[in-house]
Visitor: 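To start, I am sharing the structure in question, which I have written as structure tokens.
What you are looking at is a predicted structure, and each value in this text was computed from that prediction instead of being measured. Below, all heavy atoms of this structure are taken into account, side chains as well, without hydrogens, waters or symmetry copies.
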Amino acid sequence: MSNSRRLFLKGASIGLAAAAGACRKPVSKSSEPPAGAPPAFGTAPGAGPPVSASTFEEAEKLVQFPLAPAERTTAAGNWRNSMAPVYERRTGPRKLALDPSLAPASRWDPVLPGQLSRPERDGFVRGKEDPGSLPDRDEDIAFAPVWRLARWIEGRKLTSERLTTVYLERLERFDPKLRCAITVTRELALAQARKADQEIAAGRYRGPLHGIPWGGKDLLDTAGIPTTYGAEPYRKRVPDRDAAVVARLREAGAVLMAKLSLGALALNDIWFGGQTMNPWLLEEGASGSSAGPGAATAAALVGFSIGSETGGSIVSPSMRCGVTGLRPTYGRVPRTGAMTLCWSLDKLGPMTRSVEDAMLVLHAISGPDSGDVASVPCRLDFDAGAPVQGLKVGYFPGWMKEHPATDVDRAALETAKKAGMLPVEVSISDWPYGSLMLILFAEAAAAFEDLTLSGGLKQLKAQVPDAWPNIFRQARFLSAVDFVQADRLRRSYAMEMARIFSQVDLLLVPSLRDEMLTISNFTGHPSLTLRAGFVEVSEARSDWAPDPANPLPRFSPPRRVPHGVTLIGRLFDEGTLGSAGLALERAFGVAGERPQGFGA
């Protein structure tokens with residue numbers, strides 16, 4: 001700011017005025033600045049409550065930025081004229097409500113300047129494996145992967161109506177144990193199934209999802225059907241149009257049979273109906289926030305499901321429930337009509353019982369939509385029969401020796417080697433990856449500002465310190481400067497990932513390794529989580545911070561549960577992930593095992 005502009009600062013402290021006096025020129029006593037004087041910072045009418053040096057002294061502890069006594073006095077002296085007015089949009093007098101569909105002007109682009117957006121061609125080749133004869137038992141039909149169900153329906157060995165009825169009956173029988181369905185769309189499902197059968201009989205087969213029943217995480221809008229976000233304040237929310245993904249699956253002929261549970265506002269696994277449980281271990285939650293899709297898919301209550309991920313919400317429940325979860329590249333699948341938690345992080349993806357299933361669903365929902373400014377034109381090049389020999393699989397040697405890696409993770413690396421892939425040691429800079437979470441906390445608090453300011457957060461079931469109500473309130477005190485610095489750090493990590501992927505084709509990592517779970521979500525890279533084996537646990541697992549007053553159940557002897565590994569791919573290169581995942585799935589040979597207690 002020029003010296004002439006400083007002449008017009010109002011409300012500055014006496015100390016500041018005295019300090020500046022030595023360099024000031026005589027000024028007119030007129031309240032009006034001379035003609036041609038530019039506007040100056042700190043000259044707005046006073047706004048907001050009075051603040052003092054002691055106010056700043058306490059606030060310094062929140063942002064960890066200490067001020068000297070004189071600096072504190074100066075800051076407090078003109079806060080009401082300089083900084084408080086920036087909150088007018090929220091505090092008035094000219095309040096301005098922001099429509100929930102309004103995205104920020106800035107958007108994250110995972111593709112760095114000059115970086116090629118893979119792949120260079122479109123192509124999708126399904127597997128040619130014979131699905132075998134239709135089983136006699138409904139249970140065996142229900143647990144079959146989508147690719148098999150699709151072949152039976154296409155070959156007129158199975159009708160969509162029969163398959164839908166099987167899943168509806170299983171939902172009715174097993175949902176009381178799992179609490180994974182918020183709304184069951186029984187009549188709609190049967191109507192869509194009958195329509196699918198009629199179209200197929202008339203020779204109008206739409207493709208591999210035609211007639212396949214599915215469930216959507218209850219943050220996807222469905223016209224005329226409640227979409228509750230799993231949260232008490234939205235229990236009666238009924239949208240008037242379908243989300244883009246819902247519409248695409250309807251066009252593909254899929255049958256919507258349930259809106260599945262999610263932790264309230266997409267956090268963990270507790271919603272207004274209780275906690276969604278893991279079919280493999282009913283004493284623990286299914287993990288979240290795609291808890292319902294994870295549990296329902298694992299227990300064969302749906303053919304497939306759609307989940308969402310912001311910071312682990314597909315990976316974690318897929319890992320715990322033993323299903324396949326595909327988190328697409330940021331921007332591949334449009335989020336139009338899906339609840340916003342974090343504009344620059346949210347992703348929608350399939351949760352299935354096999355790798356090929358996940359690719360079939362991804363193929364149907366990929367591509368841009370005008371309602372999502374972050375969605376982009378993109379290609380998907382996948383061949384279920386593509387060879388994997390020679391693919392370079394990066395791994396972090398230190399991570400494979402430490403928690404949360406297990407013998408299953410280490411064995412998976414050996415399996416990749418036996419399948420013809422080439423393990424390559426890689427490393428990443430030891431930077432403060434947790435600092436990126438400031439972006440998530442700030443964006444999420446902005447997305448639900450109205451709920452926070454209205455007091456609606458008090459209605460949520462979970463009110464512990466690590467739940468959204470407290471985090472959204474805390475986020476009001478985060479530094480805007482640190483937000484920008486975190487955004488810059490994010491680009492540094494994107495460049496780090498680009499460096500790593502110049503050496504390898506994909507990464508194999510322990511699914512819940514915190515650094516990579518955080519980094520790859522913020523850089524937008526795709527991931528594929530698949531069951532690789534089994535481990536034993538002597539204590540129930542939880543997404544929530546430990547609570548000594550409510551210890552988790554312990555088991556003696558330990559319980560056997562599925563364990564998954566995660567592959568991370570180049571941006572928009574889900575085809576390579578699918579090929580590698582298929583090869584590993586066949587080699588692991590554990591995808592077909594079912595959770596006990598969910599048979600006929």
Side-chain angles (χ1 to χ4, degrees), residues 98-112 117-118 122 209 214 216-223 225 227-229 234 237 239-252 254 256 259 262 265-266 289-290 293 305-311 313-314 325-351 358 361-380 439-440 442-450 487 490 494 520-527 571-574:
L98 302 180
D99 188 277
S101 65
L102 185 66
S106 301
R107 73 173 181 89
W108 171 251
D109 185 352
V111 181
L112 296 171
S117 180
R118 299 169 61 97
D122 265 318
L209 299 186
W214 70 285
K217 186 173 179 178
D218 200 28
L219 52 59
L220 296 171
D221 278 355
T222 40
I225 300 167
T227 301
T228 70
Y229 305 164
Y234 300 100
R237 180 179 176 275
D240 59 6
R241 62 180 63 185
D242 287 334
V245 163
V246 174
R248 288 180 181 181
L249 290 173
R250 186 180 65 248
E251 287 301 308
L256 176 62
K259 303 297 292 298
L262 67 157
L265 306 183
S289 66
S290 301
S305 57
I306 298 292
S308 72
E309 174 150 327
T310 303
S313 291
I314 287 177
L326 199 166
R327 181 191 76 207
T329 304
Y330 177 81
R332 173 181 284 282
V333 177
R335 304 157 304 174
T336 310
M339 185 200 88
T340 297
L341 181 64
C342 185
W343 288 275
S344 69
L345 278 169
D346 294 344
K347 297 162 282 285
L348 303 175
M351 298 173 72
V361 178
L362 181 67
H363 190 222
I365 62 177
S366 288
D369 180 83
S370 60
D372 181 358
V373 297
S375 64
V376 295
C378 50
R379 300 179 180 91
L380 178 61
I439 296 172
L440 167 58
E443 286 198 38
F448 287 100
E449 179 183 64
D450 289 346
D487 200 38
R490 185 179 195 173
S520 60
N521 263 293
F522 276 88
T523 58
H525 285 76
S527 73
L571 296 171
F572 298 101
D573 193 18
E574 286 87 345

Visitor: So, do P110 and T523 sit near enough that their side-chain heavy atoms are less than 4.5 Å apart?
Guide: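 No, too far: nothing below the 4.5 Å cut-off.
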Visitor: Students often mix this up, so state it plainly: with edges at 30° and 60°, are the rings of F448 and Y234 parallel, tilted or perpendicular?
Guide: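 Correct class here is perpendicular.
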Visitor: Output yes when D242 and R248 qualify as a salt bridge under the 4.0 Å nitrogen-oxygen rule, no when they do not.
Guide: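 Not counted as a salt bridge, because no side-chain N and carboxylate O are separated by less than 4.0 Å.
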Visitor: Donor-acceptor pair, D122 side chain versus L380 backbone, under 3.5 Å?
Guide: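 It does hold such a pair.
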Visitor: Run the side-chain contact (heavy atoms from CB on, under 4.5 Å) test on L326 and I314 for me, step by step, so that the C-alpha distance in whole Å, both residues' side-chain angles and the decisive distance to 0.1 Å come before the verdict.
Guide: CA-CA 7 Å; L326 199 166; I314 287 177; over 6 Å; no
Visitor: Going through the distances and angles, do T228 and D218 end up as a side-chain hydrogen bond (donor to acceptor under 3.5 Å, both in side chains)?
Guide: CA-CA 6 Å; T228 70; D218 200 28; 2.6 Å; yes
Visitor: Is the CZ atom of R237 crowded by more than 12 outside heavy atoms at less than 6.0 Å?
Guide: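 Above 12, so yes.
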Visitor: Nearest 0.5 angstrom please: M339 CE to S289 OG, how far?
Guide: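 Reported value, rounded in 0.5 Å steps: 7.0 Å.
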Visitor: Please lay out, stage by stage, how F522 and L440 fare under the test side-chain contact (heavy atoms from CB on, under 4.5 Å).
Guide: CA-CA 9 Å; F522 276 88; L440 167 58; 4.2 Å; yes
Visitor: Looking only at side-chain N and O atoms, does K217 offer a donor or acceptor that is under 3.5 Å from a partner on S305?
Guide: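 No, K217 and S305 have no side-chain donor paired with an acceptor closer than 3.5 Å.
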Visitor: Checking T336 side chain against D372 main chain: does a donor-acceptor pair fall under 3.5 Å?
Guide: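 Looks like yes, one N/O pair under 3.5 Å.
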Visitor: Between K347 and R332, is there a donor-acceptor pair closer than 3.5 Å when you use the side chain of the first and the backbone of the second?
Guide: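 Checking the backbone N and O of R332 against the side chain of K347, no donor-acceptor pair under 3.5 Å is found.
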